[in-house]
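If you're wondering where the values come from, they're calculated on a predicted model, not measured in any experiment.
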Protein chains: 2
Amino acid sequence: MLTAERHDYILNKLRETGIVRLQELVNELNCSESTIRRDLTYLETKGLLKRIHGGAKRLYTVEEELTIKQKSVKNVHEKQLIGKLAASLVTDQDVIFIDAGTTTLEMIQYLPMKKDITVVTNGIHQATLLTDLGIRTYLVGGRLKNTTKAIIGASAIAQIRSYQFNKCFLGINGIDTEFGFTTPDPEEAAVKHAALRQSAHPFFLADYSKFEKVNFAKVCDLDDAAIITAGINEKNRSRYQKFTTVLEAKE
Amino acid sequence: MLTAERHDYILNKLRETGIVRLQELVNELNCSESTIRRDLTYLETKGLLKRIHGGAKRLYTVEEELTIKQKSVKNVHEKQLIGKLAASLVTDQDVIFIDAGTTTLEMIQYLPMKKDITVVTNGIHQATLLTDLGIRTYLVGGRLKNTTKAIIGASAIAQIRSYQFNKCFLGINGIDTEFGFTTPDPEEAAVKHAALRQSAHPFFLADYSKFEKVNFAKVCDLDDAAIITAGINEKNRSRYQKFTTVLEAKE
DNA sequence: ATGTTTTTGATTGAAATTAACCGCTTTCAC
DNA sequence: GTGAAAGCGGTTAATTTCAATCAAAAACAT
């Protein structure tokens, strides 16, 4: 057993389980305690893991990057609650679509990393974060919109139509009993609509500020998708529950 | 057993198993330890493998460990010169492809912004920067590679095939008179090849450190594309000018 | 055939890697 | 708290692997 082989083995195991025990490695790699200790010490100096009593754990630098990007976003707390709830709906083997936008960005950090999931997205930031977390990610191709860094256009829609999703998680700007789900840009609306059509269980992520608002382009009717929200008032909750499922995230 | 035969055997075995033991090779190739050592040393100087204690391993995994941020510090000055020259080749109404990678990233800031150009890219960073500069940008869709933030895979290639480019600007890891243009990841090589096929005028951007290097996956032969470089020495310039156009960027 | 260059194999001391041992610290159950 | 068990770093000696050297063998040109 060569040194590099052991190192690969350790790092791979760490990637999967998040933590490794020294004694386990001694058995599995069939070598002495000293050798494993030396390996762990070396890999720590390389910045590839963090040693802990009895073994080593994987380190996350990604979380630090997250906090930087989160600034300049309104209703952060509600969005985090929504993100956590949305992520909890994702199960093993799922193939999901995640829309561009700040609200959907929040859910990514809570995704079940250990499970085998595939994510398709049209958001640049979403895609970057997802791969950083080691999740299998597909980015939809097409024209890149300057302001929102979302991919839109006919090519994007065509590509989305070639997939089938278990669930999709979409951002939205306006929710209204009469006009349904609406957003300012017709092209973004078209992309959302396409993703929704390909999904067995579509969800809209929206904090309380999005209710009773109407925007230019309609995505779909209220009863076409469920709503995941937080901080909603009693009046709106009872009103919108008549039309569709409203999942409310709590502390 | 000829030298070239042994080299092929070693590289093939390395391709399959990712790691080779020196003693194994001695038995399998039926020659002395010294000979194998010599082979391994030579192949390492050619950049085809990484020697380790007791044998050798694939270079491919090592390259992955280098993040894009670590790479971008090397040869910055040369890359800027190259970028400036490359950008000066772009003219009004051009539809161009820009590859992922740090070298191509440098050329974007010099692009003629006032002119009407369209850019297609498979690099996340490239796409972000291009839209920030107000350039009409299309991002190719497909699987997102974690380490280089490049989009690869069959879907990306299919999409590239549906376009026609006036010019394409590709990054590259190895340039060699015998093996042509090479890069570590076969999937990235396939994307580069596809873009090159759709381009009237393909260019490779490479600083001096890329010459006389060979990587795992071949993109094309030397005479299939022009080279834009900087800081190249006299010997390499005269050698490579025999095979293809070499544009050298100066202060 | 002769001399030259290239390739190969064997030998060497140096360097790297390893397992085992030691005394010490941390952790955990009671 | 207290003792046992597990985990820790450091040292040691044996083993393996390494690079360098040199001479034999093979390939080559003249």
Side-chain angles (χ1 to χ4, degrees), chain A residues 1-60, chain B residues 1-66 176-179 209 211-214 216 235-236 238-239:
Chain A
M1 178 64 71
L2 263 44
T3 310
E5 281 182 284
R6 289 198 312 275
H7 290 178
D8 283 350
Y9 183 93
I10 293 171
L11 291 176
N12 277 329
K13 179 159 185 178
L14 212 49
R15 218 165 288 160
E16 287 170 16
T17 63
I19 199 163
V20 290
R21 257 162 266 275
L22 192 139
Q23 287 305 328
E24 279 177 14
L25 292 171
V26 169
N27 291 330
E28 290 163 12
L29 294 170
N30 205 36
C31 59
S32 76
E33 209 174 287
S34 320
T35 302
I36 299 295
R37 281 188 206 291
R38 238 175 300 109
D39 289 341
L40 294 183
T41 310
Y42 171 80
L43 291 173
E44 188 176 32
T45 64
K46 280 275 179 179
L48 295 170
L49 51 78
K50 169 77 180 162
R51 293 200 60 181
I52 53 174
H53 197 86
K57 70 170 183 179
R58 145 185 185 180
L59 36 81
Y60 304 87
Chain B
M1 176 64 71
L2 263 45
T3 310
E5 280 183 278
R6 288 198 313 275
H7 290 180
D8 283 349
Y9 183 93
I10 293 170
L11 291 176
N12 278 327
K13 178 158 186 177
L14 212 49
R15 217 164 288 173
E16 287 169 16
T17 64
I19 200 161
V20 291
R21 258 162 272 266
L22 193 138
Q23 288 306 327
E24 278 178 14
L25 292 171
V26 168
N27 291 330
E28 290 162 14
L29 294 169
N30 205 37
C31 58
S32 77
E33 205 175 292
S34 310
T35 302
I36 299 296
R37 282 189 202 289
R38 262 188 292 266
D39 290 342
L40 294 182
T41 309
Y42 170 78
L43 291 172
E44 187 178 33
T45 63
K46 274 280 177 181
L48 292 168
L49 52 77
K50 168 79 179 160
R51 291 200 62 183
I52 55 174
H53 199 87
K57 72 170 182 175
R58 212 186 310 181
L59 199 57
Y60 183 72
T61 53
V62 183
E63 294 260 345
E64 279 183 338
E65 288 172 21
L66 287 172
D176 185 274
T177 50
E178 186 184 350
F179 296 98
S209 70
F211 287 89
E212 303 285 290
K213 295 269 167 60
V214 180
F216 176 57
K235 188 184 119 211
N236 277 338
S238 58
R239 166 180 291 186

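Counting all heavy atoms, side chain and backbone alike, Ile36(A) lies closest to Cys31(A) at CD1-SG, 3.6 Å.
In this entry the distance linking CD1 of Ile19(A) with P of dG7(D) reads 12 Å, nearest Å. Rounded to whole angstrom, the span from the CD1 atom of Ile36(B) across to the C1' atom of dT8(C) amounts to 11 Å. Here dC18(D) presents its P atom at 13 Å from NZ of Lys50(B), a figure rounded to the nearest Å. We find that CG of Leu29(A) is positioned 14 Å from C1' of dT18(C), with the value rounded to whole Å. One atom, CZ of Arg21(A), and another, P of dA6(D), lie 14 Å apart when rounded to the nearest Å. Atom-to-atom, CG of Leu2(A) to C1' of dA16(C) comes out at 12 Å; the value is rounded to the nearest Å. Regarding Glu5(A), its CD atom lies at a distance of 14 Å from the P atom of dT17(C), rounded to whole Å. Between Asp39(A) atom CG and dG7(D) atom P the separation is 17 Å, expressed in whole Å.
Using a 4.0 Å heavy-atom cutoff across all strands shown, Ile52(B) reaches sugar-phosphate atoms only and no base atom. Residue Thr3(A) is classed as a sugar-phosphate contact, given heavy-atom separations below 4.0 Å to backbone atoms only.
Arg6(A) has a side-chain polar atom (N or O) that falls below the 4.0 Å cut-off from OP1 or OP2 of dT18(C). Checking the phosphate oxygens (OP1, OP2) of dA6(D), no side-chain nitrogen or oxygen of Gln23(A) falls inside 4.0 Å.
Residue side chain Ser32(A) does not reach the base of dA20(C) through any donor-acceptor N/O pair under 3.5 Å, judged by distance alone. Side-chain atoms of Arg38(B) come within donor-acceptor range of the base of dG9(C), with a qualifying N/O pair under 3.5 Å.
Picking from dA19(D), dT8(C), dC8(D) the nucleotide with the shortest atom distance to the side chain of Arg51(B) gives dA19(D). The side chain of Arg37(A) has dC8(D) as its nearest neighbour among dA20(C), dG9(C), dC8(D).
For Thr35(B) and His53(B), each mapped to the nucleotide of DNA chain C holding its nearest heavy atom, the one lying further toward the 5' end belongs to Thr35(B). Nucleotides of DNA chain D nearest to Gly54(A) and Glu33(B) differ in position, and the one nearer the 5' end is that of Gly54(A).
Screening Val20(A), Leu48(A), Leu43(A) for a side chain to side chain contact (heavy atoms under 4.5 Å, CB included) involving Leu14(A) leaves a single residue, Val20(A).
To the nearest 0.5 angstrom, Arg6(B) atom CZ is 13.5 Å from Glu28(B) atom CD.
Proximity of Leu29(B) to Asp39(B): side-chain heavy atoms (C-beta onward) are nowhere separated by under 4.5 Å. Looking at Ile10(B) and Leu49(B), their side chains come closer than 4.5 Å, going by heavy atoms from C-beta outward.
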